[in-house]
Amino acid sequence: MEHFSYIANAQIGAHTNIGAGTITGNHDGGKKHATEIGEDVFIGSDTMLVAPVKLGDGARTGAGAVVTKNVPEDTLVVGMPARAIRKLERKLKKK
């Protein structure tokens with residue numbers, strides 16, 4: 001976490017990028033909740049992930065997004081609260 005992010009109670013898939021300043025808000029004042037981040041996900045800088053929330057494989061967030069709902073795979077979300085703006089076409093990585 002060289003970028004001063006706070007990631008708690010999170011499962012993170014392979015080939016995922018967590019942008020600088022990303023936070024997983026996992027406590028609602030009474031209970032802790034998990035965040036699930038799929039494979040090949042890109043989390044833009046200063047994104048807040050408000051658990052419980054799931055980001056599907058290939059999902060993307062714009063910088064400063066506040067994610068309060070699950071993000072389907074291959075979908076880009078932006079804003080506060082985050083909203084989908086388009087479906088993405090994922091390129092398969094060479095192994």
Side-chain angles (χ1 to χ4, degrees):
M1 290 297 129
E2 296 281 331
H3 293 281
F4 303 110
S5 295
Y6 179 74
I7 307 299
N9 289 4
Q11 297 174 350
I12 302 170
H15 311 292
T16 289
N17 182 79
I18 307 291
T22 295
I23 302 290
T24 57
N26 68 327
H27 196 271
D28 66 7
K31 296 180 181 177
K32 289 187 177 184
H33 301 280
T35 298
E36 295 181 35
I37 302 170
E39 294 186 359
D40 299 314
V41 173
F42 181 89
I43 307 296
S45 296
D46 291 325
T47 292
M48 182 176 292
L49 303 170
V50 183
V53 69
K54 296 178 184 181
L55 285 78
D57 294 342
R60 305 282 183 265
T61 72
V66 177
V67 181
T68 59
K69 296 180 180 175
N70 293 343
V71 178
E73 66 179 30
D74 301 318
T75 300
L76 171 64
V77 297
V78 299
M80 185 174 70
R83 63 196 180 285
I85 61 170
R86 73 171 185 249
K87 197 72 171 167
L88 301 168
E89 184 176 322
R90 191 176 351 165
K91 297 176 184 171
L92 299 177
K93 292 187 180 215
K94 294 180 182 179
K95 293 186 179 187

Engineer: What heavy-atom pair brings P81 and T68 nearest, and what distance separates the two atoms?
Structural biologist: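 It is CB-OG1, 3.9 Å.
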Engineer: Can you name the closest pair of heavy atoms from P72 and K87 and give their distance?
Structural biologist: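 Where P72 meets K87 most closely, the heavy atoms are CB-NZ, 4.4 Å.
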Engineer: Hey, does the side chain of D57 reach the backbone of E39 with a donor-acceptor pair shorter than 3.5 angstrom?
Structural biologist: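 Here the side-chain-to-backbone pair exists.
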Engineer: More than 12 foreign heavy atoms under 6.0 Å from CZ of R86: is that the case here?
Structural biologist: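 Atom CZ in R86 is not crowded, with 12 or fewer foreign heavy atoms closer than 6.0 Å.
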Engineer: Which heavy-atom pair separates V71 from A59 by the least distance, and what is that distance?
Structural biologist: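 Closest approach of V71 to A59: CG1-CB, 3.8 Å.
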Engineer: Find the distance between CG (D74) and CZ (R90) and round it off to the nearest 0.5 Å.
Structural biologist: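 Going from the CG atom of D74 to the CZ atom of R90 covers 4.0 Å.
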Engineer: Provide the closest heavy-atom pair for V53 versus K69 in the form atom of the first, atom of the second, distance.
Structural biologist: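 For V53 versus K69, the nearest heavy atoms are CG2-O, 3.2 Å.
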Engineer: Any side-chain heavy-atom pair from V66 and L49 closer than 4.5 angstrom?
Structural biologist: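 No, side chains not in contact.
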Engineer: Using atom types as modelled and distance alone, determine if a side-chain donor or acceptor of T35 lies under 3.5 Å from a backbone N or O of V50.
Structural biologist: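 No, because the side chain of T35 does not come within donor-acceptor range (under 3.5 Å) of the backbone of V50.
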Engineer: Tell me, yes or no, whether the heavy-atom count around K32 atom NZ, taken from other residues, nucleotides or ligands under 6.0 Å, exceeds 12.
Structural biologist: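 Not more than 12 within 6.0 Å, no.
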Engineer: When rounded to the nearest 0.5 angstrom, what is the spacing between CG in N17 and CZ in R60?
Structural biologist: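 Reported value, rounded in 0.5 Å steps: 9.0 Å.
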Engineer: Looking only at side chains, do T61 and T47 share a donor and an acceptor under 3.5 Å apart?
Structural biologist: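 Yes, side-chain donor-acceptor contact under 3.5 Å.
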Engineer: Between A65 and A82, which heavy-atom pair has the shortest distance, and what is it?
Structural biologist: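 Heavy-atom minimum between the residues: CB-CB, 4.2 Å.
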Engineer: Out of curiosity, I7 CD1 to T24 OG1, how far, rounded to the nearest 0.5 Å?
Structural biologist: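 One gets 5.0 Å once the value is rounded to the nearest 0.5 Å.
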Engineer: For residues V77 and V67, determine if any side-chain heavy atom of one lies less than 4.5 Å from a side-chain heavy atom of the other.
Structural biologist: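 Yes - at least one pair of side-chain heavy atoms lies under 4.5 Å apart.
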Engineer: How far does CD1 of I85 sit from CG of L76, to the nearest 0.5 angstrom?
Structural biologist: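 Separation between the atoms: 4.0 Å.
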Engineer: Closest approach of V41 and G56, non-hydrogen atoms and distance?
Structural biologist: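 Between these two residues, the closest heavy atoms are CG2-O, 3.4 Å.
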Engineer: With rounding to the nearest 0.5 angstrom, report the CD1 to CG distance, I37 to L55.
Structural biologist: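 Between I37 CD1 and L55 CG, I get 6.0 Å after rounding to 0.5 Å.
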Engineer: How many angstroms lie between atom NE2 of H27 and atom CG of N9, to the nearest 0.5 angstrom?
Structural biologist: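 If we round to the nearest 0.5 Å, H27:NE2 and N9:CG are 9.5 Å apart.
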